[in-house]
Number of protein chains: 2
Amino acid sequence: MGTLESGATLESVAAAAGVSRQTVSNVLNAPERVAPQTRQRVQEAIESLRYRPNRSARSLRTRTSRLLGYCVQPAPEGAINPVLDRFVHALTESAADHGFHVLLFTAPPGAAGLDRYAELLAQRAVDGFVLSDTVVADPRPVWLTEQGVPFVAFGRSWSGPDHGRWVDVDGAAGIVEAVEHVHALGHRRVAFIGWPEGSGVGDDRLAGYLAACSRLGLTPLVERDEGGVEQGRAIAGALLDDPEPPTALVCVSDLSAYGALRAVAERGLRPGADVAVVGFDDTPAARLPGVELTSVSQPIEEVGRDAVHMLLGALGVVEPPPGPADHRLLRPTLVVRASTAISPEG
Amino acid sequence: MGTLESGATLESVAAAAGVSRQTVSNVLNAPERVAPQTRQRVQEAIESLRYRPNRSARSLRTRTSRLLGYCVQPAPEGAINPVLDRFVHALTESAADHGFHVLLFTAPPGAAGLDRYAELLAQRAVDGFVLSDTVVADPRPVWLTEQGVPFVAFGRSWSGPDHGRWVDVDGAAGIVEAVEHVHALGHRRVAFIGWPEGSGVGDDRLAGYLAACSRLGLTPLVERDEGGVEQGRAIAGALLDDPEPPTALVCVSDLSAYGALRAVAERGLRPGADVAVVGFDDTPAARLPGVELTSVSQPIEEVGRDAVHMLLGALGVVEPPPGPADHRLLRPTLVVRASTAISPEG
DNA sequence: AGATCCGATTTGAACGATCAAAACATGCTA
DNA sequence: TAGCATGTTTTGATCGTTCAAATCGGATCT
């Protein structure tokens with residue numbers, strides 16, 4: 001056996017330091033109540049016995065678990081989701097700064113999945129939830145609010161009033177930046193390839209496009225599709241085959257943009273030189289040589305950090321950060337690559 | 001407030017059913033001990049009060065947490081890691097089948113990170129660990145074995161004897177399949193782009209290449225680099241510029257393969273038609289139109305499932321599945337796409 | 001009838017921490 | 001010096017579950 005003499009309890013530490021249970025507990029949870037001299041003695045005992053408070057015992061007594069629940073959704077088929085990884089990592093790291101951990105679970109989408117949330121609550125397994133992949137009319141924020149459960153969502157509730165706290169990325173602002181970027185390069189016929197109406201995220205990005213066009217005096221040209229690579233390719237192809245085709249294609253997602261890049265190449269045109277293409281999400285493939293897609297990049301790490309801070313603030317664990325307590329909207333940044341490198345001729 | 005009258009305890013259920021604490025507990029943990037009639041009555045009470053046992057209390061008493069620790073590593077810069085997502089999801093889902101959950105934490109790589117593992121153990125926060133991203137001379141399996149802590153690793157320990165349980169993918173077999181595939185298409189000059197010697201995973205895949213060459217009577221041609229896209233591009237370029245260039249490039253990873261594809265295209269050659277390219281990992285970008293990279297795909301979900309089953313077996317929670325108890329080697333599959341579509345001429 | 005056994009159920013103790021209140025010093029004031 | 005406020009430490013109870021042993025009621029055996 002190793003060095004892990006897992007047996008130290010409050011009581012054994014107290015005995016070693018010649019004090020009582022509660023004094024040891026106070027050294028850990030309210031050091032200012034303990035006389036400096038005693039404190040030191042206790043800390044040495046803790047150190048030498050390698051004592052760590054038993055999480056279950058603490059949880060039982062305090063009725064808090066110091067765990068944050070996060071539901072991992074099955075990755076959508078064929079989708080490139082670079083987000084989950086980084087987001088989960090950011091959550092975990094920020095939580096660790098305050099003695100919290102992330103507990104993963106799965107649940108079917110929609111109202112059917114609420115049972116899993118309820119179960120974890122009934123078991124007192126988590127103190128709150130982090131939601132992601134929120135959709136229009138997502139039942140979770142409403143339900144959690146009703147139940148009085150602390151939570152924070154990555155993504156606004158696009159339908160109806162806000163429920164609870166959220167952090168989100170300002171997609172409209174990201175697209176505005178994209179349009180301004182190609183406009184500055186000299187592009188004047190800038191098309192937008194979007195998602196069908198009704199997806200909050202897609203509508204937000206479209207709104208950014210329309211706002212930018214209006215501000216810059218461009219004529220909006222919007223096409224919509226389901227968002228896959230093949231759909232993007234078809235839509236972009238149709239646009240490019242127009243007698244007066246757009247010279248820049250701003251896409252609602254990288255997936256559409258990859259399709260658009262393909263459509264451009266298939267017509268003997270050079271992305272970046274002849275036609276500018278911009279995506280959204282800065283997926284890993286965007287930086288591959290031969291792709292080099294300019295894309296709007298979401299500050300995922302920051303989203304994760306803010307989400308945890310807001311949630312811990314709601315739990316009363318940390319001082320809530322300055323600013324509005326119930327939401328936070330972060331600016332994405334445009335990562336410029338070869339797909340928008342050169343100004344168009346004419 | 002909502003429907004979550006979070007107050008049901010064993011005691012309150014017992015009162016509602018007109019039995020004692022322990023009988024309710026038995027209905028949940030050892031139903032065969034309870035008379036059918038009583039059992040039914042208790043179950044109705046549980047149902048109507050929506051009772052769920054308090055996890056902390058159970059953990060405290062039984063000294064098990066029903067949590068599996070998993071360390072999320074910071075995603076390596078620029079790397080396309082499609083694996084983590086799916087793996088974590090598979091872990092979570094398999095664990096849920098047995099009332100377990102996954103607890104995430106972070107730790108610095110190497111021996112420095114062992115403290116975090118020790119801390120979780122001292123807190124009795126987890127019952128065991130799932131390791132991934134194991135490296136040569138990884139200190140974790142050795143240490144955990146010394147401590148007598150149940151764990152399972154995704155990845156063999158490449159140096160020295162095995163410590164503990166592991167699940168891994170047979171990289172050599174995957175590459176053998178890749179070489180056989182291009183050989184069947186008619187390719188006879190098949191090169192391998194590998195990693196520097198000393199990485200267990202890379203050496204394994206190289207061994208597969210060498211074995212296949214030997215069996216098929218091909219002359220091995222091995223080049224090595226650090227594994228990035230740009231390096232792959234340079235190496236592949238050098239190979240293709242040879243007076244008698246290879247017609248097939250089998251790569252140790254998709255990243256190298258993307259570079260190789262680029263090098264092929266830059267020379268006016270058509271991937272799949274003129275030069276076959278095979279990658280490893282079947283990263284999301286492989287299926288993009290214009291890329292369509294043939295690649296060896298790892299059965300990640302199966303790895304996750306087996307890992308959980310082995311670990312729960314070690315914990316005595318489930319019957320260990322048939323087969324060797326301490327390791328499992330899974331076969332990857334070759335996903336054929338356009339990059340190896342057509343036979344070479346000549 | 002009394003002893004014995006057996007399955008079903010209950011009781012007391014324990015897991016290891018924190019809360020709330022009591023006890024104990026110590027110094028200051030009147 | 002008694003009385004009181006203040007600061008430090010200890011004691012008893014409690015969180016909700018499971019373990020181990022005790023109890024209970026009925027059937028079986030001698």
Side-chain angles (χ1 to χ4, degrees), chain A residues 5-43 45-46 49-67 99 120-125 127 316-317, chain B residues 5-43 45-46 49-67 99 120-125 127 316-317:
Chain A
E5 37 246 66
S6 98
T9 71
L10 268 190
E11 205 82 49
S12 67
V13 173
V19 294
S20 75
R21 236 175 9 189
Q22 184 64 30
T23 299
V24 181
S25 175
N26 285 337
V27 168
L28 294 167
N29 300 315
E32 74 282 359
R33 283 196 215 154
V34 181
Q37 186 186 342
T38 318
R39 196 188 308 165
Q40 165 125 23
R41 196 150 33 92
V42 170
Q43 258 153 357
I46 289 176
L49 292 176
R50 289 209 175 70
Y51 168 74
R52 290 289 178 283
N54 181 306
R55 261 187 123 89
S56 315
R58 172 179 283 186
S59 291
L60 178 59
R61 190 58 177 96
T62 62
R63 303 168 147 280
T64 68
S65 61
R66 296 184 160 258
L67 292 176
L120 288 168
L121 290 167
Q123 295 179 141
R124 294 201 162 279
D127 293 343
V317 176
Chain B
E5 35 247 70
S6 95
T9 72
L10 270 189
E11 206 81 49
S12 68
V13 173
V19 296
S20 76
R21 233 176 13 192
Q22 185 65 29
T23 299
V24 181
S25 175
N26 285 338
V27 168
L28 294 168
N29 301 315
E32 74 282 359
R33 282 195 217 156
V34 181
Q37 185 185 345
T38 318
R39 196 188 307 163
Q40 166 126 22
R41 197 151 30 94
V42 170
Q43 258 153 356
I46 289 177
L49 291 176
R50 290 211 175 67
Y51 169 74
R52 291 289 178 281
N54 181 305
R55 259 186 124 90
S56 315
R58 171 178 284 184
S59 291
L60 177 59
R61 191 58 177 96
T62 61
R63 303 166 147 281
T64 67
S65 61
R66 294 180 162 261
L67 291 176
L120 287 169
L121 290 167
Q123 296 180 140
R124 293 200 164 281
D127 293 342
V317 176

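All chains are named by letter (A, B, ...) in the order of the sequence lines, taking the proteins before the strands, and each is independently numbered beginning at 1.
Comparing B:R61 and A:R61 by the nucleotide of DNA chain C whose heavy atom lies nearest to each, the residue mapping closer to the 5' end is B:R61. Nearest-nucleotide positions on DNA chain C for A:S56 and B:G18 put B:G18 closer to the 5' end.
Side-chain atoms of A:N29 lie closest to C:dT18 of the nucleotides D:dT17, C:dT9, C:dT18. Among the nucleotides D:dC15, C:dT18, D:dT9, the one closest to the side chain of A:R21 is C:dT18.
Using a distance-only test at 3.5 Å, with no hydrogens or angles considered, a donor-acceptor pair links the side chain of A:S59 to the main chain of A:T64. B:R41 contributes a side-chain N or O that, together with a main-chain N or O of B:A17, makes up a donor-acceptor pair within less than 3.5 Å.
Within the 4.0 angstrom heavy-atom criterion, no nucleotide atom of any strand lies near A:S59. Note on A:T23: a base of the nucleic acid sits closer than 4.0 angstrom, heavy atoms only. Among the heavy atoms of the strands lying under 4.0 Å from A:T62 are primed sugar atoms or P, OP1, OP2 only; no base atom is included.
For B:L10 and C:dT9, the CG to C1' distance is 15 Å, given to the nearest whole Å. Going from atom CD of A:Q22 over to atom P of C:dC19 covers 8 Å, rounded to whole Å. Going from atom CG of A:N26 over to atom P of D:dG7 covers 15 Å, rounded to whole Å. Remark: P of C:dG7 and CZ of B:R39 are 15 Å apart, rounded to the nearest angstrom. Taking atom CZ of residue A:R33 and atom C1' of nucleotide D:dT8, one finds them 11 Å apart after rounding to whole Å. When rounded to the nearest whole Å, the span between CZ of B:R63 and P of D:dC19 equals 12 Å. Rounding to whole angstrom units, CZ of residue B:R52 and P of D:dT17 are separated by 12 Å. What separates CZ of A:R58 from P of C:dC15 is a distance of 19 Å, to the nearest Å.
For CD of B:E32, the number of neighbouring non-hydrogen atoms (other residues, nucleotides, ligands) closer than 6.0 Å is greater than 12.
Residue A:T9 places no side-chain N or O under 4.0 Å from the OP1 or OP2 atom of C:dG16. Between A:S20 and D:dT10 there is a side-chain polar atom (N or O) within less than 4.0 angstrom of OP1 or OP2.
By the salt bridge (Lys or Arg N to Asp or Glu O under 4.0 Å) test, B:R39 pairs with no residue at all, sequence neighbours left out. Taking the side-chain hydrogen bond (donor to acceptor under 3.5 Å, both in side chains) definition, one finds that A:T9 meets it with nothing, sequence neighbours left out.
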